[in-house]
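Working notes, beginning with the structure itself.
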There are 2 protein chains.
Amino acid sequence: MAMGRPREFDVDKALDLALEVFWSKGYEGASIADLTETMGITKPSLYAAFGNKEELFRKALDKYVDGPGGYFQVALAKPNIRAVVEHMLYESADAVTGPDHPPGCLAVQGALTCGDAAESIKQELVARRAKGEQDLRERFERAIAEGELPPGSDAADLAAYLSAILQGMAVQAAGGTTREQVRKIAEMALRTWPPPPSST
Amino acid sequence: MAMGRPREFDVDKALDLALEVFWSKGYEGASIADLTETMGITKPSLYAAFGNKEELFRKALDKYVDGPGGYFQVALAKPNIRAVVEHMLYESADAVTGPDHPPGCLAVQGALTCGDAAESIKQELVARRAKGEQDLRERFERAIAEGELPPGSDAADLAAYLSAILQGMAVQAAGGTTREQVRKIAEMALRTWPPPPSST
DNA sequence: CCAATTTCCTACCGATCGTTAGATAAGTGA
DNA sequence: TCACTTATCTAACGATCGGTAGGAAATTGG
């Protein structure tokens with residue numbers, strides 16, 4: 001069976017470079033020219049290897065989620081709820097201010113708003129964030145069942161609250177806030193954790 | 001002195017409509033065609049009245065800040081620090097989920113990331129968010145001086161923390177989270193307010 | 001050496017981007 | 001009525017957008 005001409009670039013490496021571009025400029029802000037230039041390949045090579053811009057973004061997003069964004073699942077797997085939240089906040093603070101990649105979080109800034117053409121990408125990111133919040137919620141439910149959180153705690157509310165803080169840290173980082181300052185936000189959130197259940 | 005042909009549209013009304021478009025699609029996602037269609041005017045009319053896309057955005061942003069975003073300054077002016085934070089959180093929850101305008105916050109989602117051409121708009125929004133945080137910080141400094149916050153409280157840290165929560169609520173809203181759910185985030189933040197100073 | 005297969009690159013596609021000439025229409029002041 | 005000014009519109013500008021033909025180059029199996 002004929003193999004054909006071998007590829008002259010590393011697909012995985014090129015995807016990493018594409019991820020960096022999407023991460024720093026967002027889906028709409030990253031042009032095909034930006035991408036090919038950074039990836040070091042021509043447009044036909046990009047399309048042959050990755051399909052089109054949308055598919056390329058989705059592949060980059062997958063790589064992000066279990067690469068730089070992998071701390072999320074690691075945190076979820078911690079044995080007690082305090083460790084989960086601590087890890088989530090501290091690792092997130094470091095992740096969104098990592099010195100070796102763009103600031104912020106791809107799932108937040110990839111397409112928080114966009115034109116009509118990118119609507120499906122925006123929805124994909126909305127769904128990913130919702131999935132993360134849902135995972136958190138389930139983890140909190142387990143913690144409540146195991147008596148790790150005050151009676152009356154609402155897992156959904158806790159998940160929304162923590163998600164908001166994480167996303168807020170991402171916005172701060174995207175705007176250039178330093179790692180030290182973002183870490184302080186994480187520390188303050190932890191200092192008041194867990195928020196007690198509503199007294200109503 | 002000759003007046004020339006009178007304008008056939010209401011500049012202020014058109015600017016409001018432009019604001020809605022930028023608010024829901026972001027600076028890059030809003031095309032001139034989108035804007036003129038919504039505003040009900042032709043492209044030359046837009047350019048004659050507002051300069052160019054960038055100037056139009058800046059004018060819309062100004063209108064946003066002392067219109068839908070006006071709650072921020074109102075909250076800052078409250079007489080005691082608890083009222084400031086309460087107002088800020090509750091009004092923000094309602095503002096980012098207002099039924100009569102796009103969800104989220106223009107200062108966050110207008111250009112969280114972007115291509116090279118929109119870099120100056122992104123920087124403008126970064127500066128605006130930083131200014132809001134700085135205003136908060138100064139209000140906290142006053143509160144600390146007046147003994148309204150625990151001794152040892154750090155005004156800058158408190159401002160960064162509250163800013164992050166507000167921005168996180170905006171991200172949640174932009175993703176379609178309901179007003180009720182966003183309000184719960186505000187309530188939970190308030191339930192733990194103020195975070196005590198670091199014990200180190 | 002010769003198909004068959006796959007990647008490579010140059011050049012180009014139509015559509016849309018933001019922006020503007022240039023002509024015409026509607027008002028004011030003399 | 002007649003300049004003057006300003007707004008209106010159609011139509012177009014060059015640049016860039018995402019995406020692709022089409023042919024040359026490089027590999028494998030026969």
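In what follows, every chain begins at residue 1, and chains take the letters A, B, ... in the order their sequences are listed.
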Closest non-hydrogen atom pair, A:Tyr71 against A:Ala95 = CE2-CB, 3.5 Å

request  = Kindly give the heavy-atom pair with the smallest separation between A:Phe9 and A:Ala49, and that separation in Å.
outcome  =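 Of all heavy-atom pairs spanning A:Phe9 and A:Ala49, the closest is CZ-CB, 3.9 Å.
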
On the nucleotide [N], are OP1 or OP2 found under 4.0 Å from the side-chain N or O atoms that [X] carries?
| X | N | answer |
| --- | --- | --- |
| B:Ser45 | D:dT8 | yes |
| B:Ser31 | C:dT16 | no |
| B:Tyr47 | C:dT20 | no |

Touch class at under 4.0 angstrom, heavy-atom based, for B:Ala118 against every strand present =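 Nothing: the residue B:Ala118, judged by heavy atoms under 4.0 Å, touches no strand.
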
request  = Between A:Ala48 and B:Tyr27, name the one whose nearest nucleotide on DNA chain C is closer to the 5' end.
outcome  =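 Here A:Ala48 is the residue nearer the 5' end.
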
Contacting residues from residues 32-44 of chain B, given that a heavy atom lies under 4.0 angstrom of DNA chain D =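 Going residue by residue through residues 32-44 of chain B, the ones with a heavy atom under 4.0 Å of DNA chain D turn out to be B:Thr42, B:Lys43, B:Pro44.
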
Pair [X] + [Y]: basic N to acidic O under 4.0 Å:
| X | Y | value |
| --- | --- | --- |
| B:Glu119 | B:Lys122 | yes |
| A:Arg137 | A:Glu141 | yes |
| A:Lys131 | A:Asp135 | yes |

What is the distance from [atom1] of [X] to [atom2] of [N], rounded to the nearest Å?
| X | N | atom1 | atom2 | value |
| --- | --- | --- | --- | --- |
| A:Glu28 | D:dT16 | CD | P | 18 Å |
| A:Asp116 | C:dA15 | CG | P | 18 Å |
| B:Met3 | C:dA30 | CE | C1' | 17 Å |
| B:Leu46 | D:dC9 | CG | P | 12 Å |
| A:Phe50 | D:dT20 | CZ | P | 16 Å |

query = Would a distance-only check, ignoring hydrogens and angles, find a side-chain to backbone donor-acceptor pair under 3.5 Å from A:Thr36 to A:Lys43?
reply = no

task = Say whether, by atom type as modelled, one donor and one acceptor occur between the side chain of A:Asp62 and the main chain of A:Lys59 under 3.5 angstrom.
result =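 Not a single qualifying donor-acceptor pair exists.
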
query = So does B:Glu37 have more than 12 non-hydrogen atoms from other groups sitting under 6.0 Å from CD?
reply =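 Counting neighbours around CD of B:Glu37, 12 or fewer heavy atoms of other residues, nucleotides or ligands fall under 6.0 Å, so no.
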
message = Can you confirm whether the side chains of A:Glu20 and A:Thr38 place a donor and an acceptor under 3.5 Å from each other?
response = no

key: Proximity to DNA chain C (any heavy atom under 4.0 Å), residues of residues 51-63 of chain B only   =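 Here the set is B:Asn52, B:Lys53.
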
query = Between B:Glu54 and B:Ser120, does a side-chain hydrogen bond (donor to acceptor under 3.5 Å, both in side chains) hold up when you go through it step by step?
reply = CA-CA 9 Å; B:Glu54 191 166 329; B:Ser120 79; 2.9 Å; yes

ask   = Should the ring pair A:Phe22 and A:Tyr27 be called parallel, tilted or perpendicular, given that the plane angle runs from 0 to 90° and is split at 30 and 60?
value = parallel

Check nucleotides 24-26 of chain D against the protein and report each pair of N or O atoms closer than 3.5 Å, with its distance, or say if there are none.
residue	atom	partner	partner atom	Å
D:dA25	N3	A:Arg5	NH1	3.1

